[in-house]
Amino acid sequence: MLRSKIGGIGYYVPEKVVTNDDLTKVMDTSDEWIKERTGIEERRYGIKHKETTSTMGARAAEIAIERAGIQKEEVDFIIFATLSPDYYFPGSGVLLQRELGITKTEIGALDIRNQCSGFIYGLSIADQFVRTGMYKNVLLVGAEMHSMGLDFTTRGRNVTVIFGDGAGAVVVQPTEEENQGILTTKLHSDGTYAEKLAFINPGSHGGYHSKHTGEEVDYGYSDAEYGDIFLNQHMLDNAQIFPNMEGQFVFKLAVQKFPEVIMEALSEAGLEKKDIDMMVPHQANLRISAFVQRQLGLRDDQVWNNIQKYGNTTAASIPIALCEAVEAGAVKRGDLVCLAAFGSGFTWGSALIRW
Ligand code: UT7
């Protein structure tokens, strides 16, 4: 049976390290609070004017392409997952293509917007394209430059301290080997609580969704028939252009959905918790990872965590962590690797890979 496998993997994190103590200089927070609640010790920030989400993605992609043993011109499809794109549109996929210097190949580039579960959604899409024989070298990139869009005042501290910049990439290729490749991917969403973790301006909502949230917010719209709904001065003046999150609400659902979607994948693949060799969870919070670890009965060396160094890099967090685990020799040929994520949307998913 034709399956797909991760043929090459790479990651890139910017050089600039920002510690918790660095953040205390601009907002009322502390190293103790951040470490205790999230496990984060430091994160990386890209260099303004020099790095972007797509350029960081390209650096990770170059490594993944080389390790996949192909030339970049052989990539036949691009999937780019991010919530912090270079532009509102066009998407970062075409910018990555340009940065890699492969515009002449005129391959398709797809942008996906599934936030923390973006990489898993992308992997599932790549898997389908490869399994059907449509493409042979799908380049999947998850990258974020959060530092350009966060509120660096005390008002935004509950969100800002968590996020970091970085990129991860894989090349998904066909394999006919009996015991190798992506065994299954499971994808879910529930839009009921879309605004609980969201970045809503600029956007076309015009306050419409208050009927779902029950919360009327003054966005400062004028009475003009056209314009000023997408973005206006009031939104800028009132800090309505930053991400917001109801942390505890998200936390409670995350610890429920992570184990649920992992068990669903295991059941479909005819496997059990004890069969997992390495778990690479989306790096949202060390406490969430620890909870999932306990639920699955895994040892410390069976769960790869790096949120301590990079914070939450959203769509990039799984490929960065997976790449580190592979480079460290913690994932070996034949191992059962489990990926899982939960985040804004809410969207969540899992993947089982026989490495
Ligand atoms: O990747 C996407 C998915 N996201 C997640 O999975 C995130 C899930 N949620 C979480 O990880 C946690 O809820 C957080 C780490 C975001 C927050 O931890 P928490 O233990 O839930 O804290 P909290 O939001 O309940 O806030 C507790 C207190 C509040 O003060 P009061 O009201 O008790 O006086 C906050 O104002 O901590 C305060 N606080 C801070 N204090 C210092 C919030 N942020 C900070 C901060 N520094 N950065």
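Indexing begins at 1, ligand by ligand and atom by atom, following the structure's order. Numbers for residues simply follow the sequence, beginning at 1.
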Those atoms of ligand 1 less than 4.0 Å from some heavy atom in T38: 15 (C)
For N232, all residues meeting side-chain hydrogen bond (donor to acceptor under 3.5 Å, both in side chains), sequence neighbours excluded: none
Non-hydrogen atom of H282 closer than 4.0 Å to ligand 1: yes
H234 side chain to D218 backbone, donor-acceptor under 3.5 Å: yes
Matching residue for K25 among D21, D22, D28 - test: salt bridge (Lys or Arg N to Asp or Glu O under 4.0 Å): D22
Protein contact to atom 46 (C) of ligand 1 [nearest heavy atom, distance to 0.1 Å]: T29 OG1, 3.3 Å
Ligand 1 contacted by E246 (non-hydrogen, < 4.0 Å): no
Sub-4.0 Å protein heavy atom next to atom 34 (O) of ligand 1: no
Closest protein heavy atom to atom 20 (O) of ligand 1, given as residue, atom name and distance to 0.1 Å: R37 NH1, 2.8 Å
Ligand 1 versus N285: contacting region, heavy-atom distance under 4.0 Å: side chain
Minimum heavy-atom distance P281-I318, with the two atoms named: C-CG1, 4.1 Å
Ring geometry between Y221 and Y219 (parallel below 30°, tilted from 30 to 60°, perpendicular above 60°): tilted
Nearest candidate to atom 21 (O) of ligand 1, where distance is taken over non-hydrogen atoms, out of Q248, M245, M27: Q248
Numbering as shown, the atoms of ligand 1 that approach V250 to under 4.0 Å (heavy-atom distance): 3 (C), 4 (N), 5 (C), 6 (O)
Atoms in ligand 1 with a heavy atom of I288 nearer than 4.0 Å: 6 (O)
Heavy-atom nearest neighbour in the protein, as seen from atom 29 (C) of ligand 1, with distance rounded to 0.1 Å: R157 NH2, 4.9 Å
D190 side-chain N/O to T192 backbone N/O, donor-acceptor pair under 3.5 Å: yes
Sidechain N-carboxylate O distance under 4.0 Å for R67, E327: yes
Just distance, no hydrogens or angles: give the donor-acceptor pairs under 3.5 Å from side chains in residues 346-355, sequence neighbours left out.
unit_1	atom_1	unit_2	atom_2	d
T347	OG1	N114	O	3.3
T347	OG1	S117	OG	2.5
T347	OG1	S344	O	3.4
S350	OG	V261	O	2.8
R354	NH1	G334	O	3.0

Heavy-atom nearest option to atom 26 (O) of ligand 1, drawn from W33, W348, F249: W33
Atoms of ligand 1, numbered as shown, that sit under 4.0 Å from any heavy atom of V161: 48 (N)
Within 6.0 angstrom of Y193 OH, more than 12 heavy atoms from elsewhere: no
Close approach of V159 to ligand 1, heavy atoms, under 4.0 angstrom: no
Atom CZ of R98: over 12 foreign heavy atoms under 6.0 Å: no
E73 CD: over 12 foreign heavy atoms closer than 6.0 Å: yes
Contacting atoms of ligand 1, where contact means under 4.0 angstrom from a heavy atom of N158: 43 (C), 44 (N)
Under-4.0 Å heavy-atom contact with ligand 1, by part of T160 that carries it: neither
Interfacing atoms of ligand 1 (cut-off 4.0 Å, heavy-atom, I162): 16 (C)
Atoms of ligand 1 close to N312 [distance to a heavy atom under 4.0 angstrom, numbered from 1]: 1 (O), 2 (C)
Contact with ligand 1 for R287, non-hydrogen, under 4.0 angstrom: yes
Salt-bridge criterion met for K5 and E177 (N-O under 4.0 Å): no
Heavy-atom nearest neighbour of atom 2 (C) of ligand 1 within options S344, G39, C116, G343: C116
Within-cut-off N or O pair, S30 and ligand 1, under 3.5 Å: no
Within-cut-off N or O pair, G247 and ligand 1, under 3.5 Å: yes
Test salt bridge (Lys or Arg N to Asp or Glu O under 4.0 Å) applied to E62 and R59, step by step: CA-CA 5 Å; E62 282 159 355; R59 301 295 84 81; 3.2 Å; yes
